[in-house]
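Some notes on the structure that comes next.
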Amino acid sequence: MHQFGRLCGAALLAGALGFGAAPAEAQAPGVTKDEITIGALGALTGATSFMGGPGRDGLQLGIEQINAAGGINGRKIKLVYEHAFTPAESVAAAKKLVESDKVFALILSSGSTGAAAAANYVRETGVPTYNLFGATPIIRTPFAKNVFHGAMPDAPTSAQALVDRVYQAKPDAKKIGLLVGTYSFPQSNKAAILPILEARGVKPVIEEFDQDSRDFTSQLISMARQRVDAVIVLGSFSEAGFAYKQAPEKGLANAVWVLDGSAVNDAIVPIIGERDPKNVWGYSNMPAFPAQDHPEAVKFRQAWIAKYGTPPQGRPNSYDMVGYGGAFILAKAIEAAGENLTWDGLIGAWSTMKGAKPSDLGGADVIFPETFSETDHQGNRALGRATIKGGLWQTVGQ
Amino acid sequence: MSDARRPLAILSPLLAPLALFLWGWAAGDYWRFVLTLVATSTVIGAALTMLVGFARCISLATGAMMGIGAYCSTLLILHAGLPFPVAVVASALAGGVGGLLLAIPAVRFKSHNLAMVTLVFQAVVIILVREMKSVTGGAEGLNVAPPVIFGQTISSDLVYLGMAACFCALALLPISVLLSGPYGRNLRALATNEVAARAFGIRIERYLMAAFTVSSAAIAMAGALAAPRFRIIDPDSFGLHTSIVMLAYPVIGGMTSIWGGILGGGLMRLLPELLRPIADYIELILAAIVILTVMFFRGGLTEIGERLCPRRTAPLAAAPDAPAERATTLPAPRPPSHAHAGDALVATNIVKRYGALAAVDDVTLAIRAGTLHGIMGPNGAGKTTFFNAVTGFIAPDAGRVVLFGQEAKPGRVEDRIALGITRTFQHVAIFPGLTCRDNVIAGLGRNGVRQSFRRSLDRALWSAAARDEHEAASWALAAVGLRSLAETRADQLSLGNQRRLEIARAIVSRPRLILLDEPVSGVSHGEVEQIVTLLRRLNVELGATMLIVEHNIGFLTALCDRISVMASGRIIADGLPAEVVARKEVRQVYFGEIEDAA
Amino acid sequence: MLEISGLKVSYGAVQAVHGIDLTLAPGESLALLGANGAGKTSSVEAIAGLLPTAGGRVVFDGADITGKPASHIVRRGLALVPQWRELFPAFTVEETLLAASSAPRGRPPLPLDHVYDLFPILGQRRLQLAGSLSGGEQQMLAIGRALVTNPKIMLLDEPSAGLAVGIVRSLVGIVQRICQAGVGILLVEQNLEIAEAVATRCVVLSTGRAVWTGRMDDAAGRAAIQEAYFG
Amino acid sequence: MAEFVMVILGGLKFGAVYALAAIGIVVIHKATRTVNFAHGGLVMLGAFATYVLVVDWKWPYWTAYLVVPLLIGALAAGLELSILRPLRRADLFTVVLGTIFLGTALSEAFRLAYNTELLAVPAAISGAPIFIDIGEDAAIVTLEQIWVTGGALAVGLAGLFLFRYSTLGRSMRAMASNIRGAQLCGYSVERVYATAWFTGGALAGLAGVFAAPSRGVSPELAVSIIASAFVAAVIGGFDSLAGALIGGLLLGVVETLSAAYVSSAAKSAISFVLLFLVLLWRPEGLFPEAKRRHV
């Protein structure tokens with residue numbers, strides 16, 4: 001597979017050269033004297049449109065700020081955002097952006113399998129690609145020099161953070177329950193977390209649930225029966241919220257709850273129905289939460305409201321923030337690639353970028369600084385320690 | 001449609017993949033990619049035309065079938081190292097098996113219950129894919145390698161499109177042959193009139209099982225073909241949502257020809273690409289299109305197309321109410337072969353009860369071969385019940401029926417046609433969507449699923465057997481005076497002509513015994529006389545025995561050799577027409593207990 | 001009172017009734033005669049609004065009710081006892097009558113006791129399911145259901161069909177009483193004897209056309225009926 | 001033992017909501033012969049309306065029980081008038097297609113109005129849970145659980161009662177039993193059909209109000225409710241209100257039991273297995289209505 005990808009890449013490169021496309025020295029696709037076209041894809045309708053929609057809004061907001069500040073080396077950024085949900089749609093959208101719209105770089109702001117299918121394609125084409133939300137390992141393996149990952153850490157990093165949160169809250173925890181969704185990303189996180197627990201000699205109580213489950217009676221009763229000290233929830237905020245809420249009624253009263261990435265979302269608070277729930281922990285892949293009273297978050301929120309108006313419940317969410325921050329990271333990489341833009345140039349500059357953050361280009365630092373190297377394209381590994389206070393998720397150190 | 005052009009019409013669906021390939025040739029790689037998926041959608045649409053449009057089965061398991069194909073071929077290539085084309089064919093077989101497994105319980109149900117059973121299948125397949133993580137990769141999906149054919153990895157979008165177009169053509173061809181031949185006609189026949197379909201030996205369960213099997217095989221093949229383009233296959237791609245979207249294909253395209261599915265599938269797959277600027281609304285737009293189609297353009301795209309440019313061959317000249325031409329003398333291609341002496345039908349002590357009511361109360365009746373025998377009686381006298389017991393549509397509680405010296409077992413309606421017995425229906429039971437000729441051909445029998453498959457192939461090749469059927473239908477239509485309306489849709493005929501059509505369908509198999517249930521009810525005066533003449537002539541020239549149930553006493557007396565009168569489930573009089581009508585007890589039935597009827 | 005002129009009914013391309021005329025006042029009784037398939041049932045169902053008319057006018061109580069829905073026509077006081085009775089099998093006798101008396105209407109309904117007086121057997125069976133009644137009792141219930149709507153004119157479509165002679169006799173007596181109470185009766189019948197017992201005038205139909213109209217006891221009518229029945 | 005009781009009670013809470021939705025489907029089908037695959041969409045809109053009332057407008061929760069059923073009932077009657085009435089002459093098959101896509105349209109319209117993963121609605125009633133001693137253990141019951149289970153069941157029973165004994169119910173049953181006979185009694189088809197859709201819609205709306213706190217509001221609610229409610233209705237015989245009620249409760253309990261004692265993955269499969277078995281064993285449902293339809 002790996003070799004095949006390279007072969008294909010080479011073939012395509014050769015094909016591109018054969019067709020008389022500009023060689024490496026000349027202007028890359030999507031770049032004109034005063035504009036750079038960036039493509040992005042994510043779900044605008046369907047089950048994960050809560051990621052794709054905010055992703056688009058965040059990117060757009062970031063790009064407008066960059067353009068308002070004069071753009072990059074005199075060029076404005078133009079965003080073309082395409083809807084894509086399933087793998088088939090994602091490949092179609094990626095092909096359209098790369099082959100028809102001739103974008104200079106591609107942003108993946110869709111969920112795991114869609115992003116993975118698109119990543120599979122971009123490995124062959126070599127277009128510089130920035131993966132915002134995809135957590136699944138098949139996006140990261142095999143390693144591709146043109147694919148970069150942003151605020152969303154890889155599964156081992158986040159799995160480690162989850163286990164850390166358990167022992168930070170309850171150092172003597174013995175029995176750990178794993179409440180895992182049967183769908184894509186919880187399953188990949190489960191695969192990452194099991195070896196870590198095993199290394200610690202902990203044999204977890206594993207219970208699974210289907211996507212959008214609302215009733216956790218059986219899982220919770222099983223955990224209560226086995227008297228778990230802590231529950232790690234791998235699932236979305238709605239699932240985690242209902243599970244937490246139902247726990248006392250099923251006899252699971254004093255456990256520590258550690259929630260995975262997408263469950264760490266303010267929309268969980270009305271589900272739980274308490275403004276200061278006890279023992280709920282999580283990690284954050286950003287220095288502050290969208291609604292947190294944190295100077296950078298406030299700056300971001302004000303900008304968001306100025307552009308999009310009064311937000312509905314749950315917006316702007318962390319996908320807005322990651323999208324926004326991601327726009328700056330990509331812009332920073334393009335800036336570092338210099339005036340004469342080529343894919344190789346961008347990839348080279350990106351691969352050596354250290355500590356890039358939005359404020360470098362005048363944005364709000366709503367994501368952790370990102371650092372890349374030739375062999376490691378995971379931009380962010382920092383994860384904050386988060387809990388719910390006053391009805392909001394708050395970062396309370398690392 | 002002229003006979004010479006028939007095979008070409010059956011080949012015409014192949015234009016779709018060809019057109020897609022040519023478009024892809026001219027377009028860029030992105031479009032070639034999209035058009036590959038469009039091509040697979042046309043196959044899915046065509047398959048659903050068979051299942052949803054022709055057989056009228058709402059299936060919510062399309063996604064699952066596609067998934068079976070995609071996973072099957074991917075796993076076969078991955079683990080068994082099969083070459084791609086072999087894996088595609090294998091996955092079509094797997095899909096066929098899956099369709100059959102679904103059909104075995106499903107065909108017992110109709111409408112929403114059938115939809116629910118297919119939903120169960122859909123859900124179970126997805127749950128299995130998700131749970132069998134070690135094989136299928138679970139919810140995270142499975143990487144699909146680009147196909148390898150003859151050692152060549154196919155990485156060019158154009159080559160892939162070409163290959164997909166070839167496979168799609170291969171899949172469309174059999175569907176087209178089946179749908180335009182007797183199999184497809186019989187599917188539509190059973191969907192519009194189950195009772196009549198059964199009367200001509202169309203076994204509904206088997207036909208539906210075949211429809212599920214064939215369409216599932218095609219859908220699975222499309223799934224296998226599309227999988228490498230998806231790059232990653234995961235259970236969500238083949239979920240219920242996918243099934244619902246695909247259900248729209250034949251609805252939007254039109255459900256009466258393979259072109260409906262092809263156009264609907266193609267358009268529905270293209271629309272999301274064409275409407276990218278308003279992608280937020282795409283789901284709403286697609287749903288709205290379906291609702292509007294269902295409300296206002298139930299015939300779908302194909303009907304709109306036909307309305308815009310009416311087919312030259314559609315015999316508009318033969319307007320719905322055009323009077324039938326005078327029936328010509330029978331060419332009689334075969335001499336009446338069953339000059340059977342003695343009794344054609346002997347019914348002994350037939351009893352049929354509904355609760356406390358004895359609808360047929362110990363009726364014994366013998367009909368001499370070659371005669372025209374009428375049964376009259378007031379409403380509720382038990383005529384139709386008796387008639388149905390004789391034809392095998394209901395099982396009598398007691399009594400036996402002997403047809404031409406052979407005891408007839410109740411229930412097996414389809415066997416009666418082989419015995420040389422056909423019937424017409426009280427409420428005209430033609431197959432409305434079919435042409436007159438196709439209605440008549442259904443009456444020839446040989447309607448078992450396998451036979452219909454072979455006959456469909458005959459028809460596509462326009463072999464001697466198909467020409468014979470065509471000729472036989474022409475003969476029967478000419479016999480009843482409908483020759484010029486042969487290619488008109490049956491539901492556009494006047495009632496009198498529909499009655500004639502039923503008679504044509506009943507005589508085309510050259511039966512020994514024809515049972516006519518109220519052949520002139522609702523028919524106008526003038527037409528009644530024509531039908532009398534027609535039936536008399538058919539009796540003479542075919543030598544067929546006829547049993548006629550009728551209210552219209554004038555018609556019966558003019559037509560029949562003998563008449564039996566039924567009242568309250570019993571035969572109260574039997575004899576020559578004039579004599580029977582004059583009898584006191586018969587008059588009493590109609591006039592009440594009056595002594596002097598003059 | 002009920003004036004019908006040029007009534008036409010068709011089913012798709014087939015015309016079942018080719019224009020008939022008749023009038024009927026409350027307390028009067030009229031029989032619609034003819035062989036099977038002559039268009040009798042189509043005519044009364046079109047009058048009662050169960051079938052669409054293809055032409056002609058139906059005027060009732062001074063108002064044009066052509067093409068109005070059946071429910072509207074019932075509320076105005078024109079009730080049909082249909083040929084197949086059209087009862088609700090899972091309703092009890094009482095529920096059936098209640099359903100008719102509690103439907104929205106312009107006129108006050110008759111009390112149920114009226115029906116029970118007329119048909120004592122229904123009173124005894126008031127808690128029995130309509131589907132479990134005998135044919136005669138079902139016919140009585142169908143008449144009772146129409147009666148509860150307090151009609152000025154009642155259309156009866158072959159009330160004798162499938163019933164034993166004794167039951168038919170008692171039904172005839174009751175229909176006569178209803179008529180004497182001032183309700184106009186339009187009776188569709190095949191059986192001449194019953195028609196004679198109930199009606200004073202008759203209209204004879206043959207293949208959708210009125211071939212004779214006049215008094216029931218007229219000899220010329222007899223001949224027309226013979227002709228219509230046996231051709 | 002206590003654990004078992006808790007599993008059963010948890011199942012009953014969800015089952016009661018299924019039952020309520022299923023009764024709505026049955027009322028509509030019984031009176032109008034329309035199989036309403038858009039019913040899940042109506043339940044979801046009921047939950048959404050609850051969200052708007054309680055969270056956006058900050059009205060007290062009890063107002064939702066009054067306003068939402070009227071609103072969703074009116075919407076359902078409107079859909080009947082505008083979309084299903086033109087379809088009345090079409091065959092059952094076409095109507096089923098129409099309602100399937102109508103359901104999709106309702107979900108999508110909502111998604112466009114509110115693009116968030118899930119809208120959370122606070123519980124209608126809160127308070128300390130009740131401990132019931134059973135043997136050594138104690139079963140824990142929350143007030144909300146009692147309220148939702150009891151409330152939904154009470155509404156369902158009230159619906160049953162109304163359908164059985166009220167004039168309005170009688171008109172719908174008459175129409176269901178014999179459409180010509182009902183017209184001859186003076187019931188207008190148009191009005192009874194609109195009433196049936198209103199009633200079915202109102203029940204769907206109420207199911208939404210009851211479901212909102214425990215399930216949240218999202219388009220997925222429509223799909224999961226329609227599947228469960230249909231299974232419940234089919235188990236109950238599809239034409240029996242009492243059957244739908246029992247079917248809903250049975251489904252809820254069987255789901256949680258299988259999840260608790262077999263495997264949590266079995267939960268989603270079990271409802272389909274149940275449906276399948278019922279369809280094969282008794283295609284007319286466990287509680288068929290005594291009926292003889294006029295054709």
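Letters A, B, ... are given to chains in the order of the sequence lines, protein chains preceding strands, and every chain is numbered from 1. Heavy atoms only: backbone and side chains are in, while hydrogens, waters and symmetry mates are out. Values in this document were obtained by computation on a predicted structure and should not be read as measured data.
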Between Glu45(C) and chain D, with a heavy-atom cut-off of 4.5 Å, which part of the residue counts as in contact: side chain, backbone, both or neither? side chain
Taking all non-hydrogen atoms of both residues, which atom of Glu95(C) and which atom of Arg170(D) are closest, and how far apart? O-CD, 3.8 Å
CZ (Arg201(C)) with more than 12 external heavy atoms under 6.0 Å: yes
Answer with side chain, backbone, both or neither: which region of Ser171(D) has an atom nearer than 4.5 Å to a non-hydrogen atom of chain C? neither
Please find the pair of heavy atoms, one from Pro89(C) and one from Ser177(D), that lie closest to each other, and give the distance. CD-OG, 3.2 Å
So what's closer than 4.5 Å to chain D heavy atoms on Ile73(C): side chain, backbone, both or neither? neither
Least distance between heavy atoms, Ala103(C) atom then Cys185(D) atom: CB-O, 3.2 Å
Taking atom NE2 of His114(C) as the centre, does the number of heavy atoms from other residues, nucleotides or ligands within less than 6.0 Å exceed 12? no
If you tally heavy-atom pairs under 4.5 Å against chain D, which of Gly49(C), Ala99(C), Ala100(C), Ala70(C) wins? Ala99(C)
If you measure from CZ on Phe91(C) to CG on Asn178(D), what distance do you get to the nearest 0.5 Å? 10.0 Å
Could you look at Arg173(D) and say if it's the side chain, the backbone, both or neither that has a heavy atom under 4.5 Å from chain C? both
Measuring only between side-chain heavy atoms, which start at C-beta, is Pro69(C) closer than 4.5 Å to Arg191(D)? no
Do Leu184(D) and Leu50(C) touch side chain to side chain, with heavy atoms closer than 4.5 Å? yes
What is the minimum heavy-atom distance between Tyr187(D) and Ser102(C), and which atoms define it? OH-OG, 3.5 Å
With only heavy atoms counted, which part of Leu80(C) is less than 4.5 Å from chain D, the side chain, the backbone, both or neither? both
4.5 Å side-chain heavy-atom contact, His72(C) and Gln183(D): no
